[in-house]
Amino acid sequence: PIWQRMITTGRPFAIPDTWQDPEWMAILGDEEAWIRSTVKAPIYSRGSLVGILHLDSDVPGAFNAHHAERLQAFADQASLAVQNAQSYDEAQHHAATMERHVQERTAELKAQSQQLKAILDAMGEGVVHTVGWEIKYTNQAFVHLLGYSIEQFQAEPFSIDSLIRVISNYEALVEAVPRIFQHGESWRGVMHVQRPDGVELDVAMTITQIGMADSLDKAAAVTILRDVSQEKALQAQKDRFIA
């Protein structure tokens, strides 16, 4: 009964003389018959009983209520230590879980990025991603369209200016770019490209803004280029034939 009261109330108890206390019951029988005085204090952590501190003596009158309060103070410190240890374990577990999630998400994003790159590199149209006046990404078709090798393109600091230099009628493009980013529009037009190797191409160009930006220097866009030289040549032949 005295144990039950301690667990229910969460308070310690002391028995000065077990032989004189009617509530004392030796749980282990003869093995606890030597105990003549005892004091016990519960250890709680987050509302649950996690342990009990025991002090036993074979001398009657060795412990009293004053000892019970002192032992409870020590048990309360042990409770704080247990809670800190539990919190540390939980924090470690949470950190490990978050790290695993980050690694899984990073691997997933990397796989998606590689898949997207493979798709873009397989396209026949040139694709270029720009932020402001800086080129962030191009696929292989874009590089070949301008008459460069991948090695040449990677070796030089290419920018929008680099792209404009190969366009003979770039005035229309320069005039359209601010309007695109100001109103969030898409722009389509045909540019005449003079490649470094001397080949001239007619290139259909579509520029689409990505999101919104405060200034042109931060504006992002995706540009798609397609060689329409043969289409224009065939159309010219058709027109001549009809004429």
* To do: Taking only Lys NZ, Arg NE, NH1 and NH2, and the carboxylate oxygens of Asp or Glu, determine whether Lys40 and Asp56 approach each other closer than 4.0 Å.
  => yes
* Tell me, please, which residues at least two apart from Met123 pass side-chain contact (heavy atoms from CB on, under 4.5 Å). => Leu120, Glu125, Val127, Asn139
* Structure fact -> Sorted by chain and residue number, the salt bridge (Lys or Arg N to Asp or Glu O under 4.0 Å) partners of Glu200 (sequence neighbours excluded) come out as none
* **ILVMFWY cluster membership beyond Phe74 - transitive side-chain contacts under 4.5 angstrom** => Val39, Ile43, Val50, Leu53, Leu55, Phe63, Leu71, Val82
* Asked: Can you name the residues that form a side-chain hydrogen bond (donor to acceptor under 3.5 Å, both in side chains) with Thr8, not counting sequence neighbours?
  -> Gln4
* Of all residues at least two apart in sequence or in a different chain, which pass the salt bridge (Lys or Arg N to Asp or Glu O under 4.0 Å) check with Glu69? -> Arg11
* Thr106: what forms a side-chain contact (heavy atoms from CB on, under 4.5 Å) with it, not counting sequence neighbours? -> Val102
* Indicate whether the side chain of Gln83 and that of Ser79 have a donor and an acceptor atom separated by less than 3.5 Å. => yes
* Asked: Which pairs pass ring pair (Phe, Tyr, Trp, His ring centres under 6.0 Å) with one or both residues in residues 23-61, sequence neighbours excluded?
  -> Trp3-His54
* Taking side-chain contact (heavy atoms from CB on, under 4.5 Å) as the test, write out the residues that go with His101, two or more places apart. => Thr97, Glu104
* Please name all residues satisfying side-chain contact (heavy atoms from CB on, under 4.5 Å) with Glu108, sequence neighbours left out, ordered by chain then number. => Arg105, Gln112
* Return the set of residues passing salt bridge (Lys or Arg N to Asp or Glu O under 4.0 Å) with Arg5 (not counting sequence neighbours), or none when no residue passes. => Glu23
* Partners passing salt bridge (Lys or Arg N to Asp or Glu O under 4.0 Å) against Arg46 (at least two apart in sequence or in another chain) -> Glu90
* Which ILVMFWY residues are connected to Met98, directly or by a chain of links, through side-chain heavy atoms under 4.5 Å apart? -> none
* To do: Drop me the distance from Ser37's OG to Asp58's CG, to the nearest 0.5 angstrom.
  => 10.0 Å
